[in-house]
Every structure is written in structure tokens, then in C-alpha cells.
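The analysis underlying the following values was restricted to heavy atoms, covering all of them including side chains, and did not include hydrogens, waters or symmetry mates. Naming: A, B, ... by sequence-line order, numbering from 1 per chain.
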Amino acid sequence: AQKITQTQPGMFVQEKEAVTLDCTYDTSDPSYGLFWYKQPSSGEMIFLIYQGSYDQQNATEGRYSLNFQKARKSANLVISASQLGDSAMYFCAMREGYTNAGKSTFGDGTTLTVKP
Amino acid sequence: DGGITQSPKYLFRKEGQNVTLSCEQNLNHDAMYWYRQDPGQGLRLIYYSQIVNDFQKGDIAEGYSVSREKKESFPLTVTSAQKNPTAFYLCASSTPPPDTNEQFFGPGTRLTVL
């Protein structure tokens, strides 16, 4: 079974508007971490935001916030005030437990296009 | 500046040849990883190493080999046994638990088999 599911292959958003990228996950481990990464067309992976399974508050980093709904196993990324430079592929990832040296399982990604 | 370097950026290989991709980090991280990415898809783990002289297979290790003789270096060899090696290869490193374990990635190597 897929451990990380991103159901939106492609998304469009108007510049300056907010957009939500969906991510659901599957794990039986009570300790896990959820990550979002951005991959521009150049190929490098850029870390955006992290949410720990025991964190009470939703994570925020500048224009990025993570809508963490633990019971629904959902970790959606919200980008506020979209900019043209936000056009990229976005990956959700999960690290399970504390014994895996940080190795993560990645979703298939969502391609975001910001329209001027 | 701390970071991860990968070389070369582009690599062309003839069928039947082994080729080695370089990955070096100066972040003083213990853990390092190799991922493969096919067009339009996510990352799949090939090998990872938690410490020098130790490494484990990931989800798609067949046809690949690694070594970890130094903390800074984690080279990946794509052998002739890998049936479809054309892909984008990303190397990463991370801090150990209980840190967040965010992964720091190199710029990648794009391998094409001719």
C-alpha cells in the first residue's frame, strides 16, 4: 500500500492567491515526521517544512504552513500569497520511527503552476 | 558554505559499463542516502548509510552498489546489472534522531545510457 499519497498530479493557482496541496499518509508507528520539499525545474530538492507526530501546533515557515490532521492522517501544505517562483514540483515525505536514520518515503509529487 | 556536492551533473554511459556517481558532504552528517527519480515521479531509495563502514539496501538496490569509507563521501556505482539506469540520481544527508531529520540534497546527477 502507498505510504504517502498525493492525489493532485497538477495544480494551478493565480499569483497572490493561496493554494493547498494534499498529502495523506499511512503508518502504524506512533512516532513519525512529515516533510514537504520543493523541486524546481533545475532538479534540486529544497526542504520547506516539517511536522512531528507529537507536535500540538501546525508547523509554519514564512508563507508555508502545514495543515496537520492526525486522525485523518493528512498533512496538507498551504502556500499563501503565491508567487511565480513557487511554480515547481512539491513532494510530501514521511520518516517513520526513530530507528531509520531519517530515511524517508516520498509521494509522487504535485506540479504547481502559478499563473500571472 | 556547508552543503552536498554531486558530480558529474550529466553522465552518459554505454550499455554494459559500470559508472560511479560521486557524493560529498561537509555538513558533518552521519547519515547519507541515494535516491533515484524517474521523469514525473517521486524519489525511490536505493541505499542509505547511518555511519561510516555501514550501509543498508533501500527499496530498489538491485544493480547498484555503494561504499562508505569516509564520513564525507558516499559514492554510488551503477553496475551493468541495472537494467534501466537512465534516471536522475539524488544524494542526501541528514542529522540523526531525535532531530527533525530533514534531508539536505545535492544538485543531482542525470545519467543517460546510450
Side-chain angles (χ1 to χ4, degrees), chain A residues 1-10 21 23 25 29-55 59 61 64 66 75 88-112, chain B residues 3-6 8-10 23 25 27 29-52 54-61 66 68 74 87-111:
Chain A
Q2 280 269 60
K3 290 200 170 184
I4 295 285
T5 303
Q6 295 181 251
T7 57
Q8 308 153 313
L21 306 183
C23 173
Y25 59 92
D29 196 318
S31 299
Y32 55 89
L34 297 157
F35 306 81
W36 278 93
Y37 292 88
K38 172 184 178 181
Q39 187 179 42
S41 57
S42 55
E44 80 268 28
M45 296 282 284
I46 302 165
F47 166 73
L48 296 177
I49 197 166
Y50 166 81
Q51 181 85 42
S53 59
Y54 296 117
D55 293 343
E61 289 285 350
Y64 304 107
L66 200 151
M89 197 147 183
Y90 289 81
F91 291 96
C92 180
M94 175 175 65
R95 180 258 304 149
E96 294 174 271
Y98 285 116
T99 60
N100 292 326
K103 71 186 183 88
S104 296
T105 302
F106 287 77
D108 289 335
T110 295
T111 300
L112 177 66
Chain B
I4 299 181
T5 56
Q6 289 185 245
K9 188 171 181 179
Y10 297 96
C23 176
Q25 56 102 356
L27 300 167
H29 288 166
D30 286 310
M32 295 188 74
Y33 318 81
W34 273 106
Y35 291 94
R36 170 183 171 137
Q37 185 179 28
D38 292 291
Q41 297 187 24
L43 279 63
R44 292 184 290 167
L45 183 66
I46 304 172
Y47 268 97
Y48 66 103
S49 168
Q50 299 186 48
I51 200 165
V52 174
D54 184 55
F55 49 83
Q56 285 81 39
K57 293 182 180 180
D59 301 319
I60 56 164
V66 293
R68 187 85 188 276
F74 191 40
F88 187 52
Y89 291 87
L90 284 158
C91 178
S93 69
S94 74
T95 54
D99 288 348
T100 62
N101 309 140
E102 72 189 75
Q103 297 193 344
F104 295 80
F105 285 85
T109 293
R110 206 166 292 276
L111 173 65

Task: Proximity breakdown for B:Gln37 and chain A, heavy-atom pairs closer than 4.5 Å - done: side chain
TODO: Could you look at B:Leu90 and say if it's the side chain, the backbone, both or neither that has a heavy atom under 4.5 Å from chain A?
DONE: side chain
Open item on the list: So for A:Gln39, is it side chain, backbone, both, or neither that comes closer than 4.5 Å to the heavy atoms of chain B?
Closed with: side chain
Open item on the list: Testing the basics here: between A:Phe47 and B:Glu102, what is the closest heavy-atom pair and its distance to 0.1 Å?
Closed with: CD2-OE2, 3.3 Å
- [ ] Can you establish whether the number of heavy atoms outside B:Ile51 located under 6.0 Å from its atom CD1 is more than 12?
- [x] no
Open item on the list: With chain B as the partner, which of A:Gln51, A:Met45, A:Met89, A:Glu44 has the greatest number of non-hydrogen pairs under 4.5 Å?
Closed with: A:Met45
Open item on the list: Check whether A:Tyr37 reaches the backbone of B:Gln103 with its side chain - one donor and one acceptor, N or O, closer than 3.5 Å.
Closed with: yes
